[in-house]
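One structure below.
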Amino acid sequence: TLLREGYTNFLVTGDVYRRDSIDSTHYPVFHQLHRRDNHPLGILKNAIYEYFDTNYNNQFQKFDDLCPIVTTKMCCCRLVVIDGTLFVQNFDDVLVPADHVSRSYNDTYYVDADTVLRCHTSAHQATLLREGYTNFLVTGDVYRRDSIDSTHYPVFHQMEGVRVFNPSDWNASSMDGTLYAAQELKACLEGLARHLFGAVEMRWVDTYFPFTNPSFELEIYFQEKWLEVLGCGVMEQEILKRGGKTDNVAWAFGLGLERLAMVLFDIPDIRLFWSTDKRFTSQFTKGQLGIKFKPFSKYPPCYKDMSFWINDSFTENNLCEIVRGVQLIDNFTNKKGMTSHCYRITYRSMERSLTDEEINELQMCGKILTQLHHYHSANE
Ligand code: PHE
């Protein structure tokens with residue numbers, strides 16, 4: 001394509017996808033952050049799984065590896081298989097109107113006229129219903145064209161939940177199916193919010209989605225602001241009907257994992273989720289939801305190596321009291337039995353890139369040498 005477009009010298013970098021089993025050197029897609037147990041998104045996904053397993057007796061089927069490339073159309077054959085991959089529907093299947101903004105080329109990544117990168121996990125609702133699932137969670141990466149800033153990124157992660165009820169579920173109550181489902185949905189999601197956030201203030205806001213009626217948003221009060229955490233509602237009857245379920249009622253919800261994880265882990269910038277920096281990745285542990293992220297500098301370090309003769313009373317802790325972030329990089333003893341240590345000092349600012357010149361000056365006339373000198377004199 002690029003040759004045809006006239007380019008004659010070029011480099012192309014991108015994520016590539018190969019169906020493959022997963023082991024320490026093979027991975028079908030490069031990222032899949034929500035499938036990493038030590039990543040904030042994976043930890044959050046597992047915490048939500050835990051809530052559903054406990055409260056619904058392991059009834060919910062979980063999907064977190066469905067192909068993100070989906071069709072926009074309802075096909076007469078219902079499912080499309082291209083090169084062994086199953087394609088499901090992004091828009092038509094969940095009743096998104098032909099003129100809805102989310103369909104525009106400006107908001108959605110189109111692969112071709114009829115194929116897109118899913119812009120929500122709701123794209124999988126109808127297919128899974130048709131395949132006979134009645135309680136399920138779908139977690140996946142979703143794609144929306146957007147400018148990038150600390151709270152927006154064109155790829156993010158959602159979890160979809162769907163639960164189907166039978167007439168026998170609501171007949172025993174005094175409610176009709178829709179009211180029954182709406183009430184069960186709200187109780188379920190309030191419980192989920194408490195499971196994740198502890199005692200928290202919440203409110204329901206009426207809203208509109210093409211695929212649910214009535215539709216609601218759940219907001220939680222967090223750090224002096226109302227924060228929208230999920231959309232949900234009672235599934236439009238037409239979607240159930242297309243899935244072959246004429247007598248049933250269902251609820252559905254979709255929540256943004258990054259939104260919740262930023263609050264739960266104190267992560268200030270959505271771009272950090274993609275970081276491979278150990279200072280980010282090493283802060284999170286499987287199963288630990290409450291950990292608060294400790295910010296680190298995004299500016300490059302400036303290293304200074306410093307060596308000196310040591311006496312018997314010197315220990316590394318003496319130096320660490322004066323300057324943090326030192327690392328012994330060389331240890332040498334001469335024929336006379338005198339030992340010298342070389343330490344690497346890492347200088348790093350939270351606000352800007354440091355220059356070599358300013359650090360030389362800081363180090364040569366600054367505190368470190370004076371303090372080291374004092375320390376040695378005191379010990380002699
Ligand atoms: N798909 C909706 C979104 O991305 C969320 C949603 C899911 C709303 C299911 C209602 C039911 O905003």
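Order of listing sets the numbers, starting from 1, for every ligand and every atom in it.
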Near C232, which atoms of ligand 1 are under 4.0 Å from a heavy atom of that residue? 8 (C), 10 (C), 11 (C)

Closest non-hydrogen protein atom to atom 11 (C) of ligand 1, residue and atom name please, with distance? A252 O, 3.6 Å

Taking the ring of F211 and the ring of H120, is the distance between their centroids below 6.0 Å? yes

Give the residue, atom name and distance (to 0.1 Å) of the protein heavy atom nearest atom 2 (C) of ligand 1. F211 CZ, 3.8 Å

Among all protein heavy atoms, pick the one closest to atom 1 (N) of ligand 1 and tell me residue, atom and distance. S122 OG, 2.9 Å

Would you please indicate yes or no on a ring centroid separation below 6.0 angstrom for F60 and F52? yes

Go through ligand 1 atom by atom and flag the ones less than 4.0 Å from a non-hydrogen atom of Q158. 3 (C), 4 (O)

In this structure, is the centre-to-centre distance between the rings of Y133 and F63 below 6.0 Å? yes

Taking the six-membered ring for Trp, are F308 and F314 closer than 6.0 Å centroid to centroid? yes

Taking the ring centre of each residue, are F296 and F280 less than 6.0 Å apart? no

Taking only Lys NZ, Arg NE, NH1 and NH2, and the carboxylate oxygens of Asp or Glu, determine whether D53 and K62 approach each other closer than 4.0 Å. yes

For atom 12 (O) of ligand 1, what is the closest protein heavy atom, and at what distance to 0.1 Å? F209 CE2, 3.9 Å

Quick look: F253 vs ligand 1, heavy-atom contacts under 4.0 Å, and the answer is backbone

Heavy atom of the protein closest to atom 7 (C) of ligand 1 (residue, atom name, distance): G254 N, 3.3 Å

Determine whether the side chain, the backbone, both or neither of R144 has a heavy atom under 4.0 Å from any heavy atom of ligand 1. side chain

